[in-house]
Amino acid sequence: MFDSANVHLKGIGASKGYAIGTISVRKHPDFDVNDYVTESPEREKEKFEKAISVSVRQLIQLKKRTEIEIGSEEAEIFESHKMILEDPEFSSPVIEKIENDKMGAYKAVEEVIDMFSGLFRAMDNEYMRERAADFEDVGARIKRRLMGIEEDAAQEMADNTIVVAHDLTPSDTATLDKSKVIAFLTDVGGFTSHSSIMARSLGIPAVVGMGKISELAKDNMAVIVDGVEGKVIMNPSEELITSYKVKKADYDVGKDKMKALAKEKAVTASGREITVAANIGSVSDVDDALANGAEAIGLFRTEFLFMESDTMPSEDAKFEAYKTVVEKMAGKSVLIRTLDIGGDKELPYLKQEKEDNPFLGLRAVRLCLKEHELFKMQLRAILRASAFGKIQIMFPMIGAVSELMEAKKMLDECKQELRSKGIDFDEDIEVGMMIEIPAAAVAADSFAKHVDFFSIGTNDLIQYTLAIDRMNPAVSYLYDPMHESVLKLIKMTIDAAHANGIWCGMCGEMAADPQAIPFLVEMGIDELSMSAASIPEAKGIIRRLS
């Protein structure tokens with residue numbers, strides 16, 4: 001198809017940058033349902049239920065892997081897929097087709113997935129149309145289980161690989177060798193499709209919505225990707241390759257300059273300084289945070305240390321992890337959030353009863369105040385690490401002053417235990433709380449009298465305020481960080497903090513939103529904490545503000 005040189009194709013530039021490499025076409029296997037033998041309805045139901053169970057376990061593992069390799073925000077998509085699998089709105093129609101229509105499990109799953117996918121693809125909203133891919137990814141996973149096909153292993157790739165696919169599902173990107181992939185090209189998708197989000201998270205260019213690129217492209221074909229203009233050049237001439245090497249070099253120099261500037265303070269034109277910090281989930285994230293100019297760790301999600309282990313990590317293991325992060329930060333502050341388990345996060349070794357609505361149930365500090373030894377073990381580890389640098393402790397999911405006071409009381413007990421043993425810690429360690437429940441924002445003035453700082457967790461604050469589950473594809477388009485009610489709660493929290501002489505930060509996704517940053521700075525936010533890759537751009541936006 002592309003025997004001639006310099007064949008130009010156009011798409012949507014979903015992630016900026018330039019890439020020059022060779023193509024690897026990622027195709028999904030075609031399942032021949034005609035060869036699939038339909039058995040008794042009871043047997044088909046058993047096979048379907050087993051496929052669901054295995055798929056849920058795989059998604060839990062994929063989520064953990066993505067949290068470690070890419071980030072917790074990107075990993076949330078697998079929680080959404082898990083919710084689809086566990087939703088009776090999905091499973092019931094499948095079972096009905098098996099029982100009433102005597103349909104094989106494979107065919108029943110295929111028809112139900114096609115129904116949901118069709119509904120979403122017919123919607124006017126672009127974001128909602130792209131959520132059809134989530135159902136198709138889930139459907140493909142179950143069908144592989146029903147056909148006895150093993151989970152895809154990481155695909156072997158050469159250096160400078162440009163992945164071409166009809167669409168890159170979350171499962172696809174979780175199994176790519178990210179050290180070799182330098183760009184994505186897809187037939188479908190838009191700016192908010194999963195492949196676009198992943199490309200931006202990984203810092204590589206992507207052009208999506210290209211029509212039939214997956215049919216036209218061939219493995220090992222040379223290609224230039226222009227993510228700035230949304231162009232792709234197949235079989236480029238040596239002259240064009242040389243030209244784009246210059247463009248890429250200039251672009252990379254610009255990125256490096258932005259990264260170098262990120263090492264400097266974020267100060268507005270009027271002289272107001274905003275601390276720009278990094279969210280991390282593990283010790284390994286610190287190097288990336290510092291390389292991108294993080295002035296602090298504004299959120300250390302400590303639950304990942306618990307989730308990566310099949311057994312409860314010891315106090316010493318926690319202490320060593322916290323100490324390593326503090327020492328790497330070399331005097332810069334590290335804000336450690338205490339265990340935030342529950343909701344969408346579970347520990348296999350901690351017995352938790354099934355809840356109808358876990359996001360409103362026994363999670364975060366509520367769980368810790370019930371599991372005293374679990375909580376105190378972590379508090380002691382944090383306190384011990386505070387002897388090696390500046391640490392701040394933050395309690396999540398606080399909704400009542402009584403909860404805050406009980407958590408502080410347990411912290412005081414831990415301090416006394418360490419004093420009695422002659423173990424050093426920072427006696428003046430700052431203690432704060434997340435504002436992520438609307439009730440806490442409304443009563444921020446009362447809470448501010450008992451803490452040293454607030455950090456606004458917008459992910460939960462927004463979904464609790466708007467009664468929207470952001471991971472539910474059917475309603476997630478209503479999740480609006482700039483909703484008037486959300487902005488009022490944020491402003492109320494910042495004002496209450498300052499009226500009581502404490503600082504107020506933000507550690508949710510909204511902190512890195514280019515549209516939101518000017519509003520947050522105008523409201524008086526003191527610190528913005530985000531994924532490391534977002535820091536250079538955020539600092540640039542702040543410097544341009546008056």
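The first residue in the sequence is number 1, and the count goes up from there. Values below: every heavy atom of this structure, side chains too, minus hydrogens, waters and symmetry copies.
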What I want to find out is whether [X] reaches [Y] closely enough, with some N-O distance under 4.0 Å, to be called a salt bridge.
X: R272; Y: E522; result: no
X: D137; Y: R141; result: no
X: K63; Y: E79; result: yes
X: R301; Y: D340; result: no

Can T302 and Q378 be said to form a side chain to side chain donor-acceptor pair (under 3.5 Å), step by step?
CA-CA 9 Å; T302 57; Q378 183 182 30; 2.8 Å; yes
Does any N or O in the side chain of [X] come within less than 3.5 Å of the main-chain N or O of [Y], such that one atom is a donor and the other an acceptor?
X: S15; Y: I204; value: yes
X: E403; Y: A400; value: yes
X: N500; Y: A496; value: yes
X: R544; Y: K539; value: no

I would like to know whether V228 and Y251 meet side chain to side chain contact (heavy atoms under 4.5 Å, CB included); could you show each step before the answer?
CA-CA 10 Å; V228 176; Y251 183 84; 4.2 Å; yes
Quick check: are there more than 12 heavy atoms from other residues, nucleotides or ligands sitting under 6.0 Å from [atom1] of [X]?
X: K10; atom1: NZ; result: yes
X: K248; atom1: NZ; result: no
X: K328; atom1: NZ; result: yes

Against I393, only a single residue in I382, I336, L335 fulfils side-chain contact (heavy atoms from CB on, under 4.5 Å); can you say which?
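When side-chain contact (heavy atoms from CB on, under 4.5 Å) is applied between I393 and each of I382, I336, L335, only I382 qualifies.
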Between N279 and S529, does any side-chain donor sit less than 3.5 Å from a side-chain acceptor?
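A donor-acceptor contact under 3.5 Å links the two side chains.
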When the ring planes of W503 and F453 are compared, do they come out parallel, tilted or perpendicular, using 30° and 60° as the limits?
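Answer is parallel, since the angle falls under 30°.
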Mind telling me whether Y322 and F300 have parallel, tilted or perpendicular rings, with 30° and 60° as the class edges?
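Judged by the thresholds at 30° and 60°, the geometry between F300 and Y322 is perpendicular.
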From K488 NZ over to K491 NZ, what is the distance, rounded to the nearest 0.5 angstrom?
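It is 13.0 Å, given to the nearest 0.5 Å.
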Working to the nearest 0.5 angstrom, can you tell me the gap between I525 CD1 and I517 CD1?
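Output value for this atom pair is 11.0 Å.
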